[in-house]
Amino acid sequence: MRSREIVLKLVGVCTTAKLLTQLHSLIIRTGLNQDIQLAAKLTELYFELLPVQTARKVFDEIPHPSAYTYNRILQRFFGIKRYGEVLSLFSSMLSFEKPDHFTLLFALKSCSALKALNFGKTIHGFGIKHGNIHSNMFLGSTLIQFYSKCGDMDDALRVFEEYTKPDLVLWTTLVTGYEQSFKPDEALAVFTGMMMTRGVSPDPVTLATVVSACTQLLNLKAGESVHGLVIRMNNKSPLPVSNALLNLYAKTGSIEYGVNLFRMMEEKDVISWSCIISCCAHNGATDRAISLVDEMIHKGVEPNLVCVISALQACEASCNLDKGRKIHELAFQKGLELDILVSTALIDMYMSCCSPKEAIMVFDRMLNKDDISWFSLLCGCVQNGMLYKSMQIFCDMTSSDIQPDATVMVKILGACSELGIIQLTSCLHGYVIRGGFTSNSFVGASLIECYAKCGSLEEAVKVFEGLTDDKDIVVWSSMFAGYGIHGQAKESIKLFHRMVRDSSVRPNKVTFLSILAACSHAGLVEEGIELFNMMLNEYQLMPESKHYAIIVDLLGRTGELDKAMCFINQMHSRAGAHVWGALLGACGIHQNTEIGEVAARKLLQLDPDHAGYYILLSNVYAVDGKWDGAAELRGSIKEKQLKTITGQSVVRL
DNA sequence: GTAGGGTTAG
């Protein structure tokens, strides 16, 4: 008896694996291993100090473990995410001991993690048969969560409805179930029912979930009213609720709300920083995003994976290569660089900062590559004009067993149309057919555009006519543009009338952009203006700067510069660079220095560092014989060290 | 010994 107590005490103070094994052999030698309590303690210690397999073996040697011992071990396995072991223990337990609520709970949680719906249903059934599960709220919420995680909200609701007096946790679990099953409307409906009909007050956990549901719906108003509720209830919202709100403001583009809340928050953690940085980065406040990154680093906030990704996105959005490199270094130091999401964010950042070499280096270092990382690489190469490289990436990608999806096909067809190589288009066309993308209208439209840009209107028409009867607006628009590229505006207009007559498809702004551009290329002034008016009056589509620019271009080509100027003055919105650029170009052709100067001044107000505008204006001066003015402008390009890009166009047959 | 919550690529 005494030796048993001594050994128990020794087990209690044992801290190393070596001591434990010695102690174990002592226990076996003295026959004390038949003592269940001692064996259980010993097993638990094995879990702490030695690999789980060894611990499991020790456990299996216990002659008749009690339900309590089973539960302890079960909980251990659950803690280290060995869900399969939990379920195997549960099964073996059935022949010796009756599982209790505690056992069922961990077995069900394991089924949730493994999404093992059928196994879980069996456990549920066992619970109904052998124990009064409806008296146990803990099991109730675990069951609701189990069915939710397995995507079976009907059964989750059924379980919930079996509880006549659900408590707040049960309600919240149901709300969360709907929210995480991407059914935010139902989540809000349950929440409202809980508050209004049942008079149950939410707590911070409920509210965080409800805010997430509002975020999914991009419903700022609903989210704000929850924010109001939080303030009324508590005055100061707990961290997860504030973070959920920050995320809501980030996703709905409400920068000011986000920044205000962030500044008011007394307590902030790495998630708060991630949210506010990505809020600014994704909503155009790129400078603010960068200064927040600086502030975060300065304050010594330990960034995690998501935080690094947000910071990289901020660098990407502001094209801040230096800062991007610093974050890269930080990620490297923290050992986060090779994470697939971080690497992909790095590729995106380097590509957007015009440093494809560094992006490719990151890609090559990646241990695991998925379709997204391949896509980022491919996209970035196209973005940086590395069209042959993007083709090579496409080939590498397909030979690495990555199946390109429709987005990849659209991108690579875009690259191909820039290259202008018709044979390549034919190859990709084959890929489109084999990959089963023929019914995808975006792919179809890209293919039409690609053939048209490679010089084969005939093939473009073939693809267009070969698409199924219910062609959508994207497909129609690309064909209008295709005719436009080949100067066949009349065909484009004819086809437009066919669409209006024979289909139920309604033109959109892009449609009109395509046809108007066709008119502009062919110099069809009257038709262009007619279509513009049709867009405005018949289809009530508000023209954008680009539409106005085409009309200005049309009027400008025929020399009607005064009319073009009047047209600009009548615009509903402020004229953008496209509009003034079109006017300035026309002034060059028709030697109108006066209007040309007005246009150029507007353009340089919009972007003082755009070399193209200086060149256009200098052309106007040159045509008019004002060589001094022209020379001065060319001089200021050099002085400002502005980059000029020489235009190219290629078609290979 | 037991239940519900916040950030992550096109």
Within the 4.0 Å heavy-atom criterion, would you say A:Thr206 contacts the bases, only the backbone, or no part of the nucleic acid?
base
Scan A:Gln383 against the nucleic acid and name what it touches under 4.0 Å (heavy atoms): base, sugar-phosphate only, or nothing.
nothing
Does any N or O donor sit under 3.5 Å from an N or O acceptor when you compare the side chain of A:Asp405 with the base of B:dG10?
yes
Is there a donor on the side chain of A:Asp203 or the base of B:dG4 sitting less than 3.5 Å from an acceptor on the other?
yes
Please tabulate, for the side chains in residues 73-81 of chain A, all donor-acceptor contacts under 3.5 angstrom to protein atoms that are two or more places apart in sequence or on a different chain.
from	atom 1	to	atom 2	distance (Å)
A:Arg76	NH2	A:Glu48	OE2	3.1

Between the base of B:dG4 and the side chain of A:Thr172, is one N or O donor paired with an acceptor at under 3.5 angstrom?
yes
Neighbours of DNA chain B within residues 68-90 of chain A, by heavy-atom distance under 4.0 Å:
A:Asn71
Do the side chain of A:Ser141 and the base of B:dA3 come within less than 3.5 angstrom through a donor-acceptor pair of N or O atoms?
yes
Select base, sugar-phosphate, or nothing to describe what A:Cys275 touches, counting heavy atoms under 4.0 Å on all strands.
sugar-phosphate
B:dG10 OP1/OP2 closer than 4.0 Å to side-chain N/O of A:Lys411:
no
Could you note down all residue pairs passing ring pair (Phe, Tyr, Trp, His ring centres under 6.0 Å) where residues 341-371 of chain A supplies at least one of them, sequence neighbours left out?
A:His328-A:Tyr350, A:Phe363-A:Trp374
What does A:Ser274 touch in the nucleic acid at a heavy-atom separation under 4.0 angstrom: a base, only the sugar-phosphate, or nothing?
base
According to a strict under-4.0 Å criterion, is A:Lys251 in side-chain N/O contact with OP1 or OP2 of B:dT8?
yes
According to ring-ring contact (aromatic ring centres under 6.0 Å, His included), who are the partners of A:Phe102, at least two apart in sequence or on a separate chain?
A:Phe106
Please tell me which of the listed nucleotides, B:dA3, B:dG5, B:dT7, lies nearest to the side chain of A:Thr142?
B:dA3
Can you list every salt bridge (charged side-chain N to carboxylate O under 4.0 Å, His left out) pair that touches residues 259-276 of chain A, not counting sequence neighbours?
A:Lys236-A:Glu266, A:Arg263-A:Glu295
For the pair A:Glu358 and A:Arg365, evaluate salt bridge (Lys or Arg N to Asp or Glu O under 4.0 Å) and give the outcome as yes or no after the intermediate values.
CA-CA 11 Å; A:Glu358 281 169 284; A:Arg365 286 163 60 111; over 6 Å; no
side-chain hydrogen bond (donor to acceptor under 3.5 Å, both in side chains) partners of residues 185-203 of chain A, not counting sequence neighbours, each pair once
A:Asp203-A:Thr206
Can you check whether A:Phe375 stacks with the B:dG10 base, using ring centres under 5.5 Å and planes within 30°?
no
